[in-house]
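Here's the structure, in structure tokens; my notes come after.
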Amino acid sequence: MSVSVTVQHGFGGFNLDAAFEAPAGITVLFGRSGSGKTTIINAVAGLLRPDAGRIAIDDWVLLDRAAGVSLPVHRRRLGYIFQDARLFPHLNVRQNLLFGRFFAPRDAPRADMGRVVEMLGIGPLLGRRPAMLSGGERQRVAIGRALLASPRLILADEPLAALDEGRKAEILPYFERLRDEVAVPILYVSHAPAEVARLATTVVALEDGRVTGQGPAIQILGDPNVMPTGVRDAGALLQAVVVRHHDDGLSELSAGGVALFLPRVPHAPGGQLRLRIAASEVILSRARPEGLSALNILPGVVEAIRDGDGPGAIVSLNTPAGRVLARLTRRSVAAMALAVGAECHAIVKTVAIAPENVS
Amino acid sequence: MSVSVTVQHGFGGFNLDAAFEAPAGITVLFGRSGSGKTTIINAVAGLLRPDAGRIAIDDWVLLDRAAGVSLPVHRRRLGYIFQDARLFPHLNVRQNLLFGRFFAPRDAPRADMGRVVEMLGIGPLLGRRPAMLSGGERQRVAIGRALLASPRLILADEPLAALDEGRKAEILPYFERLRDEVAVPILYVSHAPAEVARLATTVVALEDGRVTGQGPAIQILGDPNVMPTGVRDAGALLQAVVVRHHDDGLSELSAGGVALFLPRVPHAPGGQLRLRIAASEVILSRARPEGLSALNILPGVVEAIRDGDGPGAIVSLNTPAGRVLARLTRRSVAAMALAVGAECHAIVKTVAIAPENVS
Amino acid sequence: EQARLTVFAAASMKNAMDEIAAGYEAETGNAVDVSLAGSSALARQIQQGARADIFISANTDWMDRLEAGGQIDGDSRVDLLGNAIVLVAASGAAPVEIAPGMDLAALLNGGRLAMALVDAVPAGIYGKAALQSLGEWDSVAPMVAQADNVRAALALVATGAAPMGIVYATDAVAEDDVHVIGTFPEDSHPPIIYPAARVAGSDNPLDAGFLAYLQGAAARAAFERQGFVVLAQE
Amino acid sequence: MGGWLTPDILPPEAWRAVALSLKVSLWAVLVSLPLGIFTAYALARWRFPGRGLVNGLVHLPLILPPVVTGYILLLSMGPQGPIGGPLARIGVVFAFHWSGAALAAGIMAFPLMVRAIRLSIEAVDPKLEQAAATLGAPRLWVFASVTLPMILPGVIAGAILAFAKAMGEFGATITFVSNIPGQTQTLPSAIYAFLQVPGGEGAAVSLVVISVAVAMGALLLSEGIGRRVARRVAGA
Amino acid sequence: MGGWLTPDILPPEAWRAVALSLKVSLWAVLVSLPLGIFTAYALARWRFPGRGLVNGLVHLPLILPPVVTGYILLLSMGPQGPIGGPLARIGVVFAFHWSGAALAAGIMAFPLMVRAIRLSIEAVDPKLEQAAATLGAPRLWVFASVTLPMILPGVIAGAILAFAKAMGEFGATITFVSNIPGQTQTLPSAIYAFLQVPGGEGAAVSLVVISVAVAMGALLLSEGIGRRVARRVAGA
Ligand SMILES: Nc1ncnc2c1ncn2[C@@H]1O[C@H](COP(=O)(O)OP(=O)(O)OP(=O)(O)O)[C@@H](O)[C@H]1O
Ligand SMILES: Nc1ncnc2c1ncn2[C@@H]1O[C@H](COP(=O)(O)OP(=O)(O)OP(=O)(O)O)[C@@H](O)[C@H]1O
Ligand SMILES: [Mg+2]
Ligand SMILES: [Mg+2]
């Protein structure tokens, strides 16, 4: 299932002109405050009628201004998690959660209420009204309400921004499951690079109403030219397979033949997973390092060196596991005499990857 | 100036019973969603009348339930940045920003409107009404509105949660200036460890309405037992002085005689600053490492080793620069034969510190 | 400055009073303000100290009440006008003879008899008295639809809501949709009298003159044009 | 002995007037409420040709002296009127019938009801209705499950205002359906009648006291309900 | 020749009645507006002893037949009344004066005004008022700078309702201040007088048309203003 979106809309000072394809999985809209993310999502939801545009899920056309088609909001089968929770103040949490279920077709696949409630940790709140909830609790209920509506398309506008790290860590896997198992397309707005790296199948980078880059997460996140929030968030994604789980709580993975050690991952041996390695967490060494606490060492060849705005540079290393980015100071680049073609080793701490950069 | 807070309040299912001292600077309330942070802030603001408690800024008593004292909200001279922006919908951005100024005493120190507007990047929005703003823009205006009210006490409830990293990086220094120069006490709620580390003078850790730890940031953040969001966010704070700025964009600092290199900091040579070094970003080596891209190497002696829940352990190292925490796998601890009293080196990348963990 | 006089008069006298006020002003140069409302309202206002000069009531009860309370000058009181009550029906209906045994209930043929409030408004009170003396009241009473004033009763007939109604002769004068099918004998009800008097609190020097004018020839002509019987002797 | 407040000086038809007024007012409110909500919604949320006209028509009974409204009703809804005639032939009779009194009271009270409800509708945040739509609720359901519960305080306020107005309505009612004891003689008609004759004040005062007591009871009740509902809607 | 709609068949006092009605209604609305806002605010936001009583009193003119209200006014505010007497001695005269007509109209319209404003106040999110307070605004300022602008649509709605009601008010006015041309004869009183005599219908209809035109004009105007204000308040 793939969502194709083309929208043009003008708001006085701001002009949106975006077109992108969101293939199955999670498509993250990534961009600074005011870049047009919510506007796009609203157009997809039907809450905003763009000046021009076409929105379709596969062959199912939600909007086609040129053809005069615009499906009413309630027929779009959405689960919209709003940036402001927008709970119904006159209904209690349970009633809020069940609101959408009532309108879902009888045969639609249903999320399990108990499971969602447990995951979101809102069991004790079911009888309360929204005015009696904390900010994070409200947001969690809003997430549950959208998930329980048996949507065919999920729109999530910074769903986790108000939550603490612990709670995020509990909810993220649920979105991953949606992505991997349920195959509901998800348009997801987020400002947090770790979240993006972990969830995104596809990334659409927005700047000032325009798409500055789009493509598989692995590609966009590894491209320091595209990442709209700057070079500091660059990082590479590696594809790896689980080899075995060790008794000391570590899992051994293989990425293109290189052994990597991570804190226990939930996947069974043989399972595929994806690792994000932030460029700022990679240390390079010309010689193979010994006696370090870091367990993961990837040999490679320098593929490119790109200087940043400040004192830093991004070194892109070709390793058997795939491309790895490292952020160094230019001073280090010089001291180590790094140049394209030079051999060197990337050192990554086990704990620097796990668990939120794994998926 | 120091704020002392004691509040007890019951909300049906939830009981708050918290007491803490907030000395000059930024006191961060840190705790999971629903732990009572907003409730405390509301009590300080006078929006909630707690069942019992006393709140005072030095000798200035805002609330004393036992003595029957409760200063009306508008006399508390607050700058409250709400978790939900709460802009006035009938006023445009400029009018929202200037609302508080009107009521501030003529002789109160005034934040510079132009500077605040520029920092928040809301210049082009001044004529708009809140309904025409994006979520992040609304939150930025709310920050400006509070700052411009010439407050004697700032309450900030997740002020940056809705903002992208770039924007956060622009606003954080302003809070630092408030902390360091203006000496307005600030109660600050945040879920983001990096933000906490950077801003907090004092940290108050909350769990389920109870204070589980409080004290200088340097101490609480370095104590993996207290950090309510778990061991992954542990890290140490070091005190350092600027030695000189190099041409290649790096600044050389000295922390207890150890030379550290960071991307250029704004402080003049001789200036004091504080560095947060996240435990997960420190690599240990028994031998002095050579040929690495990492520029910062701190020699030290193992002071303590604490095993975590998972496969990790926290190693606490006594260095000339202060205590440094490192998060390793237990496997590495064993492989390196680390034990209390063992000598080893902490390796920290330059770019892993800068700039948001510096202050 | 023009001298002014305030007259409180029953609302049913509007047409005549407009003409008389204009004539009086033309003749004497003095202005007359006529306040038209129900007699009860006007009487109560006078009781409460309204600065009226002359009061003309549509019945004697309220005038008696004011006289007993000393709010009017009893010596100035005159019975100014008389009126008759008539039976009206939609145009085209045959005249009936109004006499005992007329069997009004049968004539109504299941319809309603429109009257003013039979215990409260003068026209209704007179009508009820007349029907009682004719021996018709008991059979007709359940069919009576009472309006708050005579004009409303007339409207019920004019719009066809009620086939017949009892109103003043003066009311039937100019109504096209309604015509008189019988007049109640004078002796079937207490005399219908519109008394006029000077209000006790008035010190307006024009009072006596206007009371006299009301009984003069010009006024008489105006009253008669509206169907009133002029009782006062010059 | 019996003072002026005790029932024994009030003739039985006065008590019938009390009962009738209650019946008339309740019916007037209950029957007009759905139409009132619909009209208020249409005026608040829809743009359609003739919106101004509808708005004007709704307010008309407020502007016109009640007697005029009564006349207009009599002309149009009377047995020979353009609306009343055909209705009468299918057996729906308003003339001289308590239902006519209810009609008159309902029409006189309608502008008050519509205004109150409309103000509440205008205060509902459309974002909540949008949220309901995204969850799959068709328009009518959005109204029933989100808008209506949120405007309940306004609906209740409108209903009370209308009830109070209906209890006090006099001019249009007596002009349209006149005053037939037990059928169309409402409390205000009875009070009016007592006030027309010298010495009728005592009975009028008794009836006024009854009427005030009834309406105040309704008022207090509805305030209580309204407050509870408002608290529920505000979610506190 | 002049049809029934043209002014030439209307006697000059009819035009005086139109002018007077406008004056009376405007004054009634303008003078009662601040009190109406205050009362609505008190009823919406404060809990005080006697709140129920105040609420009942405000609604009383709606419940009572207008004649009764007029009669009560006559008894209390008349030149010999317990309030009117002392007031008259200090030169404030309501009885049989246009100001009395304004008083009667204002009182009759008061419940409508208060309800509309009160509903708007109840719809204002107290969180915004709290936000204003945290910024240092004292209570009265919070009201003036936050609450009042946000309830403007309701205030306008209340004022129109009251104006329309005042334009149509008849029973209480004629009972209290009588029907003296040029002094207390308002439009509805003039219409009443015309309706009391044969042949007066034409003039009455003309006056009704004028009255409807004026009130509709006010209505349309205020709808326009109200909509603009509402849009401004909603911030769109
Ligand atoms: N009015 C209320 N009535 C009942 N319970 C309430 C009320 N307000 C808050 N609570 C409860 O009190 C607890 C603390 O709420 P508070 O808003 O202080 O949390 P918080 O720490 O700010 O959380 P978050 O990070 O999610 O905003 C929560 O469990 C919440 O459900
Ligand atoms: N109704 C409106 N009228 C005018 N401008 C608007 C309106 N709504 C949004 N905008 C502007 O359009 C731009 C994009 O807004 P949008 O809400 O899509 O941003 P966003 O990417 O979601 O930002 P954020 O991360 O801050 O929520 C912003 O500059 C905003 O000010
Ligand atoms: Mg947004
Ligand atoms: Mg909170």
Side-chain angles (χ1 to χ4, degrees), chain B residues 38 41-42 44-49 62 71-93 95-106 108 127-133 138 141-142 144-157, chain E residues 33 37-38 40-42 44-48 116-159 222-236:
Chain B
T38 302
I41 296 233
N42 279 342
V44 174
L47 299 181
L48 175 104
R49 180 183 291 253
L62 300 183
L71 218 58
V73 181
H74 71 273
R75 300 255 297 282
R76 297 192 182 196
R77 306 276 318 277
L78 308 165
Y80 189 162
I81 303 162
F82 293 91
Q83 197 168 2
D84 48 339
R86 289 201 203 174
L87 300 182
F88 302 120
H90 60 295
L91 301 180
N92 66 22
V93 169
Q95 291 162 332
N96 265 285
L97 288 173
L98 291 176
F99 192 93
R101 171 158 294 189
F102 195 78
F103 303 104
R106 299 280 147 257
R128 290 215 208 138
R129 287 175 193 284
M132 300 163 81
L133 301 180
R138 257 196 287 275
V141 175
R145 184 177 69 172
L147 298 181
L148 290 169
S150 310
R152 287 182 57 177
L153 170 64
I154 290 178
L155 305 170
D157 199 348
Chain E
L33 198 55
I37 294 175
F38 177 81
Y41 191 86
R45 287 286 164 86
W46 298 340
R47 298 286 161 266
F48 53 93
I117 299 175
R118 181 174 161 188
L119 274 174
S120 303
I121 293 176
E122 283 168 349
V124 171
D125 188 350
K127 288 187 172 180
L128 289 174
E129 297 172 323
Q130 289 177 355
T134 65
L135 291 164
R139 233 206 246 194
L140 214 64
W141 267 105
V142 172
F143 179 78
S145 58
V146 176
T147 320
L148 192 58
M150 303 211 38
I151 64 171
L152 259 193
V155 170
I156 291 171
S222 61
E223 284 281 326
I225 301 174
R227 202 147 351 117
R228 192 145 348 117
V229 168
R231 216 174 310 123
R232 203 164 59 82
V233 169

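Residue numbers start from 1 in every chain, and the chains themselves are labelled A, B, ... in the order their sequence lines are given, proteins ahead of strands. Remember, it's a predicted structure, so these values are computed and weren't measured experimentally.
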Would you give me the side-chain donor-acceptor pairs under 3.5 Å for residues 149-158 of chain E, sequence neighbours excluded?
none

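Neither the backbone nor the side chain of B:Leu148 comes within less than 4.5 Å of any heavy atom of chain E.
Note on B:Arg86, B:Arg101, B:Arg128: by heavy-atom pairs under 4.5 Å with chain E, the leading option is B:Arg86. For chain B, the option among E:Gly136, E:Ala131, E:Ala132 with the highest count of heavy-atom pairs below 4.5 Å is E:Gly136. Note on B:Arg77, B:Arg145, B:Arg76: by heavy-atom pairs under 4.5 Å with chain E, the leading option is B:Arg145.
When the ring pair (Phe, Tyr, Trp, His ring centres under 6.0 Å) test is applied to B:Phe99, the partners found at least two apart in sequence or on another chain are B:Phe88, B:Phe103.
Judged by distance alone, with hydrogens and angles left aside, the side-chain atoms of B:His90 form a donor-acceptor pair with the main-chain N or O of E:Ser145 at under 3.5 Å. Here the side chain of E:Glu122 pairs no donor or acceptor atom with the backbone of E:Leu119 at under 3.5 angstrom.
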